[in-house]
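Accompanying notes for the structure given below.
Residues take their numbers from the sequence shown, with the count starting at 1.
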Amino acid sequence: QVQLVESGGGLVQAGDSLRLSCAASGRTFTMKGMGWFRQAPGKEREFVAAISWSGGSTNYADSVTGRFTISRDNAKNTVYLQMNSLKPEDTAVYYCAASIRYLASRNSRGYDYWGQGTQVTVSS
């Protein structure tokens, strides 16, 4: 089992930045990749970004490319999502996920463990 705990969410204004963190514990040696997803009220959960745990391969949703950066610190078993130039449409609950099967999947079904989520609200 892998446990994931997100932190760093909050209320910000459009144009501001936030950095989300996701700390992993448990059988972290089984992880191959980690990702961030988000879900806005009334909408389906959508892919945001993903990173392979060892090789540094990354994937981004078109909507966040150039604004968000995913990174990892293997020593701390932590993945980060640096979010710059935030927009009101970025408002959502952000979830961290870990995969023991795929390196940097864009598909939520490729992930085996999920965090509890952290709220990000961007006001206009």
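Using a distance-only test at 3.5 Å, with no hydrogens or angles considered, a donor-acceptor pair links the side chain of Ser52 to the main chain of Ser57. Judged purely by atom type and a 3.5 angstrom limit, Gln39 has no side-chain atom pairing as donor or acceptor with the backbone of Ala92. Checked by atom type and distance alone, the side chain of Thr78 never pairs as donor or acceptor with a backbone atom of Asn74 at under 3.5 Å. Between the Tyr95 side chain and the Glu6 main chain, no donor and acceptor come within less than 3.5 Å of each other. For Asp112 (side chain) and Ile100 (main-chain N/O), a donor-acceptor pair under 3.5 Å exists by modelled atom type. Side chain of Thr118 to main chain of Gly9: a donor-acceptor pair is present (N/O by atom type, distance under 3.5 Å, no hydrogens or angles). Arg72 places no side-chain N or O within donor-acceptor distance of the main-chain N or O of Gly33, the cut-off being under 3.5 Å.
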Start with the C-alpha gap between Gln116 and Leu4, add the side-chain angles, then the distance that decides, and say whether side chain to side chain contact (heavy atoms under 4.5 Å, CB included) holds. CA-CA 8 Å; Gln116 81 287 353; Leu4 304 172; over 6 Å; no
Apply side chain to side chain contact (heavy atoms under 4.5 Å, CB included) to Met83 and Trp36, showing your working. CA-CA 12 Å; Met83 305 186 294; Trp36 287 96; over 6 Å; no
Audit row: Val122, Asp16, side chain to side chain contact (heavy atoms under 4.5 Å, CB included) steps and yes/no: CA-CA 8 Å; Val122 184; Asp16 285 351; over 6 Å; no
Please lay out, stage by stage, how Phe68 and Leu86 fare under the test side chain to side chain contact (heavy atoms under 4.5 Å, CB included). CA-CA 9 Å; Phe68 291 10; Leu86 282 161; 3.8 Å; yes
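At most 12 heavy atoms of other shown residues, nucleotides or ligands fall within 6.0 angstrom of atom CZ in Arg27.
Under the 4.5 Å side-chain heavy-atom criterion for grouping Ile, Leu, Val, Met, Phe, Trp and Tyr, Val2 is not connected to Trp114 through any hydrophobic cluster. When the side chains of ILVMFWY residues are joined at heavy-atom separations under 4.5 Å, either directly or via intervening members, Phe47 and Trp53 end up in two distinct hydrophobic clusters. With hydrophobic clusters built from ILVMFWY side chains whose heavy atoms lie under 4.5 angstrom apart, Tyr111 does not share a cluster with Tyr60. A single hydrophobic cluster is not seen to contain both Tyr80 and Val12; linkage of ILVMFWY side chains at heavy-atom distances under 4.5 Å, directly or through other members, places them apart.
The closest side-chain heavy-atom distance from Ser63 to Arg38 is below 4.5 Å.
Cation-pi geometry between Arg45 and Phe37 is not satisfied (NZ or CZ under 6.0 Å from the ring centre, within 45° of the ring normal).
A side chain to side chain contact (heavy atoms under 4.5 Å, CB included) with Gln13 is found for exactly one of Pro88, Ser124, Ser123, namely Ser123.
Looking at every heavy atom in both residues, Ser85 comes nearest to Arg67 through O-NH1, 3.0 Å.
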